[in-house]
Protein chains: 2
Amino acid sequence: MKSRITLKELAKLLNVSVSTVSKALNDSPEISPKTIERVKELAALHKYRPNPTAVNLKSSKSGTIGVIIPNIANSFFAKVLSGMEEKAQKEGLQVITYISNEYIEKERHISELLTSGYVDGVLIAIAEETQRKKEFEHIENIIDFDIPVVLYDRIGFEMPVDKVGIDDHRVFYEATKDLQNKGVNKIGIATSIHHMGVGKSRINGYKEALRKNDTFYIANSAKMESLTEKTLKMLLEDKVEAVLCSDFDSTMLTYRLAYEHGLRIPEDLKIIGFIRGGLAKYLTPSVSYVDQSPHKIGEKAMEVLINRINKKDATPKTKYIIETNVVHLESTRFD
Amino acid sequence: MKSRITLKELAKLLNVSVSTVSKALNDSPEISPKTIERVKELAALHKYRPNPTAVNLKSSKSGTIGVIIPNIANSFFAKVLSGMEEKAQKEGLQVITYISNEYIEKERHISELLTSGYVDGVLIAIAEETQRKKEFEHIENIIDFDIPVVLYDRIGFEMPVDKVGIDDHRVFYEATKDLQNKGVNKIGIATSIHHMGVGKSRINGYKEALRKNDTFYIANSAKMESLTEKTLKMLLEDKVEAVLCSDFDSTMLTYRLAYEHGLRIPEDLKIIGFIRGGLAKYLTPSVSYVDQSPHKIGEKAMEVLINRINKKDATPKTKYIIETNVVHLESTRFD
DNA sequence: CTGAAAGCGCTTACAG
DNA sequence: CTGAAAGCGCTTACAG
């Protein structure tokens, strides 16, 4: 059993005071170059590392960022997390991961921890249940404690914090317009997240792009059974020519239902979905998708948060939009 | 701006000493019930929470578990993480996430942090590069510091630590036997992880299940281009009747290549893959898969680690095997 | 240039 | 039953 050497032990070995060792290691101008060298040499020899807990206690910092993730099984959030972690690692910060599983009670519990001083800042994508209930006190509570908060991905909320995400409205607005320009008239939406902020924005973008005589076709349900039923109606009765899918489940479901009912993609039905490229390209046919650059969202959110923590950024709270683009694969091929 | 009330402030308000407050909050028998009540009441009123950093410094614990993840975009690891996080949350522990991206240098850097006292224990799935180079000093270093370590998922290494994973060998052994029993003779493997421990075990399980006159068919490459070529050869020239795929990419690639080259699944080709059920069921046709219970692996690994930390478990280091089973969907349908 | 002292917010043996 | 003191491992104003 080894254990890390402390300042005190180092001081003893060097026959100097703890203060001197501490200052030397921190390159204080108060200390002679000679001493600094001696101290650093021995420290290196013993692989001295300051005890982070002690440093934190002194500085009233934790050196840690709290990230609240609604659903880590969603590969979008997994990638966002990897962007955050990468940035944090570069800055020497630790990332504590909390998973809300979309539940408000979990989120409340996490918020309680966060205000106890576990972290210097918080990145949060607000849970589905919280959005539904519209109860944000626990999040406002974090803000009240002067802990910098940045909203990521789910950014359509009135809160005095920075936000980093995509322009959900625009994505579907432009996707719809683009399909129209290519001659597609009956366009529908399949969504299992219509009750969430990002889902609403996407739907609104679609609606706004529709022209005077166009009809809305929206298959929406968070329950798979009901979504299946509604999507089938849209495909088989309404006979839409294209479907914009707002999330993983609606994308895969539409893809699967077309297969089950003999609709050929893209000949009979065009699809644009929200899935990751690493999956989309393997589907048969490959499915066109909205590239959200999740890694970049994570990096940017972390960057913005760190700047707030370091007070480098005293500007008003800002909304940062990460560019998206539709990657066209076989499911939107026009012959 | 609020900020958490401290013991000292509480003591002042109550006109008692800091020690008394501390003891009262910890239900010390030294303190009179009356005082305990008074103290707790005021503490509740002010929503007092002990400063975790201070508590940690006193106890020389961090209340934190470090999890090293090779690749969070892999939904298997994402789910493992969620199992870990859930268990940790129940035990009042924080999870610090570190992502190695399969690189040894990252892993070394993380190990350095871990031995500095950031965490009370470590859960690690060893990076691909580390496995290739067979250089494990940085991990042994963590163990030398008496920080409990548990290997998860990638458990085929000689190390004096607990291990939690699946029986990779058996999975493919039994899948192969099962196919044989159903009359399938030419069985092949597609894999992009043949150079990793889990990949090797799976391949060995398959080989062992083959009978005297059976031929090996193994398409193996970590490079997609080469894997594509080898898999195509196996499908079109060797004309295997079934393919066991050892990972996400090989599964999806085989699925896609069959489509591109007009092989019908399952009529011409049967597939069993390593993908998650939430995806498998949506594929066209749906693809049979090995259910690894990643959430359970995460929970178990965290549980084992916590027991080690609390010295509840003084037994020799153990390997815990989580049960798997093949979920048969359309891609292995026999008519 | 070096060191003694105070303090970050707690806990706990010890004294009274 | 209550409190003063020491200490966890650091940093930093202050004195010399």
Side-chain angles (χ1 to χ4, degrees), chain A residues 2-40 42-43 46-64 92 113 115-120 145-146, chain B residues 2-40 42-43 46-64 92 113 115-120 145-146:
Chain A
K2 285 194 228 170
S3 85
R4 286 282 182 201
I5 194 168
T6 66
L7 270 196
K8 206 201 269 184
E9 295 165 316
L10 229 37
K12 200 171 204 174
L13 289 172
L14 288 159
N15 263 317
V16 295
S17 72
V18 170
S19 349
T20 302
V21 178
S22 172
K23 287 175 193 163
L25 290 173
N26 291 309
D27 283 312
S28 162
E30 288 182 48
I31 305 296
S32 74
K34 239 183 223 169
T35 309
I36 294 192
E37 203 192 320
R38 273 183 68 217
V39 171
K40 287 201 170 173
L42 195 73
H46 290 277
K47 298 196 178 176
Y48 171 77
R49 311 276 148 187
N51 178 323
T53 308
V55 175
N56 292 341
L57 183 58
K58 265 313 282 185
S59 64
S60 313
K61 294 223 164 189
S62 65
T64 299
L113 290 175
T115 55
S116 300
Y118 281 99
V119 300
D120 297 335
F145 271 98
D146 253 16
Chain B
K2 285 194 226 168
S3 84
R4 288 281 182 201
I5 195 169
T6 65
L7 271 195
K8 204 201 268 182
E9 294 164 317
L10 229 39
K12 199 171 205 173
L13 290 171
L14 288 159
N15 263 318
V16 295
S17 73
V18 171
S19 350
T20 302
V21 178
S22 171
K23 288 175 193 162
L25 291 173
N26 290 308
D27 283 313
S28 162
E30 288 183 47
I31 306 295
S32 75
K34 239 182 223 168
T35 309
I36 294 192
E37 202 191 323
R38 272 184 70 217
V39 171
K40 287 201 171 174
L42 194 73
H46 289 277
K47 298 194 179 180
Y48 170 78
R49 308 278 148 186
N51 178 324
T53 307
V55 175
N56 292 341
L57 184 59
K58 266 311 281 184
S59 64
S60 312
K61 294 224 163 186
S62 65
T64 298
L113 290 173
T115 56
S116 300
Y118 279 99
V119 300
D120 297 336
F145 271 97
D146 254 16

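Below, each value reflects all heavy atoms present in this structure, side chains not excepted, and no hydrogens, waters or symmetry copies. In what follows, every chain begins at residue 1, and chains take the letters A, B, ... in the order their sequences are listed.
When the P atom is used for both D:dA4 and C:dG7, the distance is 16 Å, rounded to whole Å.
A heavy-atom distance below 4.5 Å is found between the side chains of B:Val39 and B:Leu14. In this structure the side chain of B:Arg38 reaches within 4.5 angstrom of the side chain of B:Val16, judged on heavy atoms. Between B:Leu42 and B:Leu10, some side-chain heavy-atom pair lies under the 4.5 Å cut-off. At least one side-chain heavy atom of B:His46 sits less than 4.5 Å from a side-chain heavy atom of B:Leu13. Within the 4.5 Å cutoff, the side chain of A:Thr64 has no heavy atoms near those of the A:Asn56 side chain.
Judged by distance alone, with hydrogens and angles left aside, the side-chain atoms of A:Arg4 form no donor-acceptor pair with the main-chain N or O of A:Pro50 at under 3.5 Å. Not one N or O on the side chain of B:Thr53 forms a donor-acceptor pair closer than 3.5 Å with the backbone of A:Leu57.
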CA sep, side-chain torsions, deciding dist, call: B:Lys40, B:Asp27, side chain to side chain contact (heavy atoms under 4.5 Å, CB included): CA-CA 10 Å; B:Lys40 287 201 171 174; B:Asp27 283 313; 2.8 Å; yes
Worked verdict on B:Leu25 versus B:Tyr48 for side chain to side chain contact (heavy atoms under 4.5 Å, CB included): CA-CA 10 Å; B:Leu25 291 173; B:Tyr48 170 78; 3.5 Å; yes
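By the side-chain hydrogen bond (donor to acceptor under 3.5 Å, both in side chains) test, A:Ser22 is found to be paired with no residue, residues two or more places apart in sequence or in another chain being considered. B:Arg49 meets the side-chain hydrogen bond (donor to acceptor under 3.5 Å, both in side chains) test with A:Glu112; sequence neighbours excluded.
At a threshold of 4.0 angstrom between heavy atoms, the contacts of B:Ser28 with the nucleic acid are absent. Among the protein residues, A:Ser59 comes within range of no part of the nucleic acid, since none of its heavy atoms lies under 4.0 Å from any strand.
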Pair pattern of DNA chain C in dot-bracket, where unpaired bases get dots and | marks partners in another strand, Watson-Crick or G-U under 3.5 angstrom: |||.||||||||.|||
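Distance check: B:Ser17 OG to B:Lys23 NZ gives 7.0 Å after rounding to the nearest 0.5 Å.
Chain B approaches DNA chain D over the interval D:dC1 to D:dG9, counting the first and last nucleotide 5' to 3' with an atom under 4.0 Å from its heavy atoms.
Of the residues near DNA chain D, B:Pro29 and B:Ser60, the one whose nearest nucleotide (by heavy atom distance) lies more toward the 5' end is B:Pro29.
Atom CD of A:Glu37 has 12 or fewer heavy atoms from other residues, nucleotides or ligands within 6.0 Å.
Of the residues in residues 17-27 of chain B, those placing a heavy atom less than 4.0 Å from an atom of DNA chain C are B:Val18, B:Ser19, B:Ser22, B:Lys23, B:Asn26, in numerical order. Of the residues in residues 48-58 of chain A, those placing a heavy atom less than 4.0 Å from an atom of DNA chain C are A:Leu57, A:Lys58, in numerical order.
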